[in-house]
Amino acid sequence: MKAVRFDQYGEPAKVVTVDGVPLPEPGEGEARVRITATPVNPSDLLYVRGYYGGLEAHFPAPIGFEGVGTVDALGPGVKGVSVGRRVSFLNSKGGNWAEYAVVPAHDLVPVPDDIPDEQAASFLVNPASAICMVRRVLAVPRGEWLLQSAAGSEIGRMIIRLAKHDGIRTLNVVRRREPVAELKRLGADAVIVSTDGPIDEQVRGIVGPEGVKYAIDPVVGETGTQMFKALHEEGRMLVYGSLTGEPMRIGDDPRYILAGRRSLEVFWLVYWLATLDDTARRQLVDDIVALMREGIVETSPGSAFSLDEVAEAVAEAESTGRKGKVLLVPGKQVPGNR
């Protein structure tokens, strides 16, 4: 079978390759899934660059943490899963950028027939993160302000729609002016452009001198530093990524570490999901299905590429102004390869 792998950390478009590897066989408690579609997520690209703290690569390393497919084979001891069932799943070891993947059967999430593959491929990472961060970890009350960066991303748009649905006001940070009008149409209460001035000053100009009590940031670096300075004295900030790969400076201004009770927390979805019992996991899946059907946590479809076009897919995923989630579709035919 074909699988995308990399032999060393580096820029994804330069180090990923498509290799022929043996078809994996499921072991005890495992299932093999024939991959239908798998997204190119920021976490995948951070992993290839060596910045993904939750997993160390063992070269040649497989890639791909999320996807949708059909159960193809079952290992011994598997119950509650049948061959032929369409499922969405997280592959905590990576390996979904391939024609087949073997994962613990417990991690498979059956997907309703009315959820199309382009949505089911991104069923867990962004929707679950948005729901867990807003509703469960921060538990933002109705009427409060929620500050977020990377607001034009897929998850940023989900958070805007989810907050609107839940009666939460959002203050959204973007790097360019082009998406401002569109984000406001989605329901953003305020949008600020980081190049217009310090984020903390712009935030206080909108919400008042006290700052915001809740913030979510996947960027860190200078953006994260300024967002932390925009916090209320009892504010909470979740960091769920490191798009810049640069450090935050929290201790360089004593006013923000010697007064108040501001807190900075890390949100890692895989860790959070591991804390849920079966009842809580089913409730989360039910919430995702309901909100996806309402269009609140839906993913904007982008370009689809075959595994052989993985370099082009990675470049598209990181292009400025890209629209929609880039997908790898193992069964997609490439012109000239038919």
Side-chain angles (χ1 to χ4, degrees), residues 2-21 24 35 38-67 89-98 101-103 107 121-122 124-126 128-129 133 149-150 153-156 175 216-225 227-228 237-250 264-274 302 305 307-320 322 325-328 330:
K2 291 181 179 179
V4 178
R5 304 193 295 179
F6 65 113
D7 292 320
Q8 61 181 1
Y9 292 124
E11 287 303 302
K14 296 181 179 179
V15 300
V16 299
T17 60
V18 182
D19 300 331
V21 300
I35 305 295
T38 174
V40 179
N41 284 329
S43 55
D44 300 315
L45 304 180
L46 287 171
Y47 175 51
V48 175
R49 291 186 168 101
Y51 297 149
Y52 192 72
L55 181 64
E56 181 180 356
H58 298 282
F59 302 119
I63 317 169
F65 296 123
E66 189 174 26
F89 63 102
L90 293 180
N91 190 335
S92 61
K93 297 180 180 179
N96 282 8
W97 290 10
V102 167
V103 295
D107 293 341
S122 300
L124 288 167
V125 172
N126 284 345
S129 293
M133 287 191 294
S149 60
S153 66
E154 283 299 314
I155 188 171
R175 292 180 300 166
I216 296 175
D217 174 45
V219 179
V220 300
E222 185 59 28
T223 294
T225 299
M227 288 179 65
F228 186 80
M237 179 170 167
L238 285 184
V239 171
Y240 69 97
S242 180
L243 294 178
T244 62
E246 299 172 354
M248 291 176 60
R249 301 187 317 278
I250 301 304
L264 180 66
E265 307 166 51
V266 172
F267 177 84
W268 186 33
L269 179 63
V270 173
Y271 175 83
W272 176 259
L273 291 177
F305 297 84
L307 294 180
D308 291 321
E309 299 171 310
V310 64
E312 294 94 324
V314 167
E316 173 73 11
E318 299 201 289
S319 62
T320 301
R322 169 186 53 83
K325 176 67 70 176
V326 173
L327 293 178
L328 288 170

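Since we're looking at a predicted model, the values are computed, not measured. Atom set for the values below is all heavy atoms of this structure, side chains included, hydrogens, waters and symmetry mates excluded.
By the 4.5 Å heavy-atom criterion applied to side chains, M133 and I155 are counted as neighbours. With contacts defined as side-chain heavy-atom distances shorter than 4.5 Å, the pair T244/T223 does not qualify. Side-chain contact check for L269 versus L90: some heavy-atom pair is nearer than 4.5 Å.
Across all non-hydrogen atoms, the minimal contact from T225 to P247 is OG1-O, 4.5 Å. Heavy atoms only, all atoms of each residue included: N96 and G67 are closest at ND2-N, 3.5 Å. Among all heavy-atom pairs drawn from V239 and M248, the shortest one is CG2-SD, 4.1 Å. In this structure, P39 and A121 approach most closely via the heavy-atom pair CD-O, 3.4 Å. Closest heavy-atom contact between V21 and A3: CG2-CB, 3.9 Å. For the pair A313 and V40, the tightest heavy-atom approach, listed with the atom from each and the gap, is CB-CG2, 4.4 Å.
Judged purely by atom type and a 3.5 angstrom limit, T38 uses its side chain to pair as donor or acceptor with the backbone of E66. Although no hydrogens or angles enter the test, the distance criterion places no donor-acceptor pair under 3.5 Å between the side chain of S129 and the main chain of N126. In terms of modelled atom types and a separation under 3.5 Å, the side chain of S149 and the main chain of D217 share no donor-acceptor contact. The backbone N or O of P330 lies less than 3.5 Å from no partner atom in the side chain of W97, so there is not a single donor-acceptor pair. Between the side chain of D44 and the main chain of F65, a donor-acceptor pair closer than 3.5 Å is present.
Sorted by first and then second residue, the salt bridge (Lys or Arg N to Asp or Glu O under 4.0 Å) pairs with a member in residues 7-20 read R5-D19, E11-R49; sequence neighbours excluded. Residue pairs meeting the salt bridge (Lys or Arg N to Asp or Glu O under 4.0 Å) criterion with at least one member in residues 54-63, sequence neighbours excluded, do not occur.
Distance check: Y51 OH to L243 CG gives 12.5 Å after rounding to the nearest 0.5 Å. The line from CD1 of I35 to CG of N91 is 7.5 Å long, rounded to the nearest 0.5 Å. Atoms OH and CG, on Y47 and L55 in that order, are 4.0 Å from each other to the nearest 0.5 Å. With rounding to the nearest 0.5 angstrom, the CG atom of L328 is 10.5 Å from the CG atom of D308. Atoms CE and CG, from M227 and L264 in turn, are 10.5 Å apart once rounded to the nearest 0.5 Å.
For Y52, the side-chain hydrogen bond (donor to acceptor under 3.5 Å, both in side chains) criterion is met by W268, not counting sequence neighbours.
In this structure, F59 places its CZ atom where more than 12 heavy-atom neighbours from other residues, nucleotides or ligands lie under 6.0 Å away.
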